[in-house]
Amino acid sequence: MKSKRVVLITLVLAMVLVLLSITLLSCNSQKNDLQASSSEVSISEETDELSVETFSIATYQWEIERFPWEESVGEINDKERAIKIAKALWLLKYNKDIDINKIKVAYDEQEDCWHVYNTTPPNVLGGVDHAILRKNGEVVAVWAED
């Protein structure tokens with residue numbers, strides 16, 4: 001009877017270890033997918049016509065505190081790269097591939113931050129996806145409105 005308990009406990013512990021290993025591998029794979037996706041997303045010539053608005057990061061402090069994303073994705077020097085990174089983040093987090101024609105970009109010159117977000121037509125289900133990215137590559141926050 002005692003040996004059956006030992007075998008059962010050993011099996012349960014082994015299953016827990018296997019599940020933990022799978023979870024860790026999955027998290028690592030998602031991080032690698034983000035790095036690969038950010039370089040694979042193609043941005044067409046349509047972004048040449050896309051204007052860059054201005055914004056203040058202070059406006060989004062609540063969102064930054066609640067939806068942080070602590071990762072660095074490399075230098076982001078232009079709107080095209082900001083869009084690529086945001087699209088990769090949205091694809092990874094929400095499994096959404098946002099149409100380039102529905103994306104807007106704003107820049108905070110004081111804080112060197114990009115705010116990339118999409119637009120949705122009125123009376124359509126689903127909210128606006130947001131990503132705030134520092135020029136140095138730090139992903140500040142990623143969230144979606146309901």
Side-chain angles (χ1 to χ4, degrees), residues 7-146:
V7 170
L8 184 60
I9 290 171
T10 305
L11 286 174
V12 169
L13 287 174
M15 289 189 335
V16 168
L17 288 173
V18 167
L19 289 173
L20 283 173
S21 298
I22 291 170
T23 303
L24 289 174
L25 288 173
S26 175
C27 289
N28 192 27
S29 172
Q30 285 180 345
K31 183 176 180 180
N32 292 339
D33 288 348
L34 171 62
Q35 291 170 343
S37 297
S38 66
S39 62
E40 292 171 4
V41 174
S42 63
I43 302 297
S44 67
E45 295 161 359
E46 297 171 42
T47 58
D48 292 338
E49 299 172 13
L50 182 66
S51 65
V52 176
E53 302 167 359
T54 59
F55 86 108
S56 172
I57 194 171
T59 307
Y60 296 97
Q61 286 308 307
W62 185 88
E63 289 84 355
I64 291 168
E65 291 171 9
R66 281 155 187 80
F67 307 106
W69 188 292
E70 297 177 9
E71 187 169 347
S72 182
V73 293
E75 194 83 11
I76 306 171
N77 290 318
D78 55 40
K79 66 184 178 209
E80 289 82 9
R81 175 106 169 111
I83 292 169
K84 282 182 185 181
I85 298 298
K87 283 179 61 88
L89 290 166
W90 296 330
L91 190 60
L92 180 64
K93 188 169 184 177
Y94 302 114
N95 199 28
K96 286 184 178 178
D97 186 17
I98 306 298
D99 180 2
I100 187 72
N101 295 314
K102 296 180 180 177
I103 293 178
K104 294 197 174 207
V105 180
Y107 191 74
D108 180 336
E109 288 187 18
Q110 289 182 329
E111 297 292 330
D112 282 333
C113 286
W114 297 96
H115 178 209
V116 184
Y117 58 100
N118 70 310
T119 59
T120 56
N123 302 323
V124 173
L125 290 176
V128 176
D129 301 295
H130 298 263
I132 295 182
L133 317 160
R134 290 200 183 277
K135 186 177 178 182
N136 69 5
E138 174 193 352
V139 179
V140 178
V142 179
W143 75 97
E145 297 173 8
D146 293 330

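All heavy atoms count here, side chains included; hydrogens, waters and symmetry mates do not. Everything quoted here is computed from the prediction, not taken from an experiment.
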Locate the shortest heavy-atom distance separating [X] from [Y]; write the atom from each residue and the value.
X	Y	answer
I76	W114	O-NE1, 3.1 Å
K96	G127	NZ-O, 4.2 Å
S72	N136	OG-O, 4.2 Å
D99	I103	O-CG1, 3.6 Å
Y107	C113	CD1-O, 3.1 Å

[atom2] on [Y] to [atom1] on [X], rounded to 0.5 Å:
X	Y	atom1	atom2	result
R81	K135	CZ	NZ	13.5 Å
Q61	S56	CD	OG	8.5 Å
I64	I132	CD1	CD1	4.5 Å
N118	I83	CG	CD1	11.5 Å
E138	E75	CD	CD	12.5 Å
I98	D129	CD1	CG	4.5 Å

Quiz prompt | side-chain contact (heavy atoms from CB on, under 4.5 Å) evaluation trace for V116 with L89 | solution = CA-CA 11 Å; V116 184; L89 290 166; over 6 Å; no
Exercise. Look at the aromatic rings of H130 and Y117 and report parallel, tilted or perpendicular, splitting at 30° and 60°.
Key: parallel
Exercise. On the 0 to 90° scale, with breaks at 30° and 60°, tag the F67-W143 ring pair as parallel, tilted or perpendicular.
Key: parallel
Quiz prompt | Verdict with reasoning, R134 to D112, per side-chain contact (heavy atoms from CB on, under 4.5 Å) | solution = CA-CA 6 Å; R134 290 200 183 277; D112 282 333; 5.9 Å; no
Does [X] have more than 12 heavy atoms from other residues, nucleotides or ligands lying within 6.0 Å of its [atom1]?
X	atom1	result
K102	NZ	no
K93	NZ	yes
E53	CD	yes

Self-check item: Steps toward side-chain contact (heavy atoms from CB on, under 4.5 Å) verdict (D108, H115)
Solution: CA-CA 8 Å; D108 180 336; H115 178 209; over 6 Å; no
Quiz item: Can a salt bridge be assigned to the pair D97 and K87 using a cut-off of 4.0 Å between side-chain N and carboxylate O?
Solution: yes
